[in-house]
Colleague: 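Before I ask anything, here is the structure I am working with.
Nothing here was measured: the structure is a model prediction, and the numbers come from that model. Numbering starts at 1 and runs along the sequence shown. Start at 1 and go down the list; that is how both ligands and their atoms are numbered.
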Amino acid sequence: MKNLKKIMLLGIATVSVITFTSAVKATWEVPAKYKTMKNPTDAKNAENITVGKTLYAKHCASCHGKKGLGDGSKAPELKGDLGDFSSAEFQKQTDGEIFYKMIDGRDDMPAFVKKIASEEDRWLIVNFVRTLKK
Ligand code: HEC
């Protein structure tokens, strides 16, 4: 009986730790420097958006999907929450936060810091991602 209690307590403790760890993981900490970083490109410029769209199609759509819904062809085999780029929750992030997540990556999300070496290209992708808003 005593042992059963111990096992139960251990079980509760384990579940709490797992819940806590996944809650921590759910928030993707972005350094303050990036949060407030200013996007130096013109987000309204149509030519910029076209370039951003091409870059997004090349680098991001295979996982995130053409419209950023998280339904790219590779999505089913990925761990982690791809997010929904058209959602208000996603769009309330600053440009700098999206920029940082793109270059830094996490788990199955690759870091693009080397693959997309041009800072301007990165911002143009951010601009395109903004147009996916519902
Ligand atoms: C190989 C698949 C893959 C590719 C390619 C990819 N991503 Fe991701 N992305 C992920 C996964 C998986 C996550 C979730 C990671 C996590 O939460 O640990 C993610 C998460 C994100 C997030 C955070 C979502 C949120 O809700 O805040 C952003 C922003 C993002 N990706 C942007 C991009 C951009 C921009 C590109 C293209 C330059 C890109 N990703 C390419 C797999 C990918």
Colleague: Using distance alone, determine whether K79 and ligand 1 share an N or O pair under 3.5 Å.
Modeller: no
Colleague: Atoms of ligand 1 less than 4.0 Å from I116 heavy atoms?
Modeller: 38 (C)
Colleague: Tell me which part of I125 gets within contact of ligand 1: side chain, backbone, both or neither, using heavy atoms under 4.0 Å.
Modeller: side chain
Colleague: With nothing but distance in play, are any N or O atoms of K101 less than 3.5 Å from an N or O of ligand 1?
Modeller: yes
Colleague: For atom 8 (Fe) of ligand 1, give me the closest N/O/S atom belonging to H64, just the atom name.
Modeller: NE2
Colleague: What part of Y56, side chain, backbone, both or neither, has a heavy atom within less than 4.0 angstrom of ligand 1?
Modeller: neither
Colleague: Do you know the tightest heavy-atom contact between H64 and M109?
Modeller: NE2-SD, 4.0 Å
Colleague: Which of these, R106, K115, H59, E89, has its nearest heavy atom closest to atom 17 (O) of ligand 1?
Modeller: R106
Colleague: Give a yes or no on whether a salt bridge exists between K38 and D95, defined as a side-chain N under 4.0 angstrom from a carboxylate O.
Modeller: no
Colleague: Taking distance alone, with N or O pairs closer than 3.5 Å, would you say Q93 contacts ligand 1?
Modeller: yes
Colleague: If you count heavy atoms of other groups shown closer than 6.0 angstrom to NZ of K101, is the number above 12?
Modeller: yes
Colleague: Using 2.8 Å as the threshold, say whether any N, O or S atom from M102 sits that close to atom 8 (Fe) of ligand 1.
Modeller: no
Colleague: Report, in ascending order of atom number, the atoms of ligand 1 lying under 4.0 Å from any heavy atom of L78.
Modeller: 2 (C)
Colleague: Below 4.0 angstrom from a heavy atom of F90, which ligand 1 atoms are there? Numbered from 1 as shown, please.
Modeller: 24 (C), 25 (C), 26 (O), 27 (O), 29 (C)
Colleague: Please indicate whether E77 has more than 12 foreign heavy atoms, meaning atoms of other residues, nucleotides or ligands, lying under 6.0 Å from its CD.
Modeller: yes
Colleague: On the 0 to 90° scale, with breaks at 30° and 60°, tag the Y56-F85 ring pair as parallel, tilted or perpendicular.
Modeller: perpendicular
Colleague: Using the six-membered ring wherever Trp is involved, compare the ring planes of Y34 and Y100 and label them parallel, tilted or perpendicular (cut-offs 30° and 60°).
Modeller: tilted
Colleague: Where do D71 and G65 come nearest, in terms of heavy atoms and distance?
Modeller: OD1-CA, 3.4 Å
Colleague: Please report the closest heavy-atom contact between C60 and I125, naming both atoms and the distance.
Modeller: SG-CG2, 4.3 Å
Colleague: Going by the order shown, which atoms of ligand 1 are within less than 4.0 Å of some heavy atom of L82?
Modeller: 9 (N), 10 (C), 11 (C), 12 (C), 42 (C)
Colleague: Hey, which atoms in ligand 1 end up nearer than 4.0 Å to a heavy atom of D108?
Modeller: 1 (C), 2 (C), 12 (C), 42 (C)
Colleague: Answer whether the closest heavy-atom distance between the side chains of T41 and L124 falls below 4.5 Å.
Modeller: yes
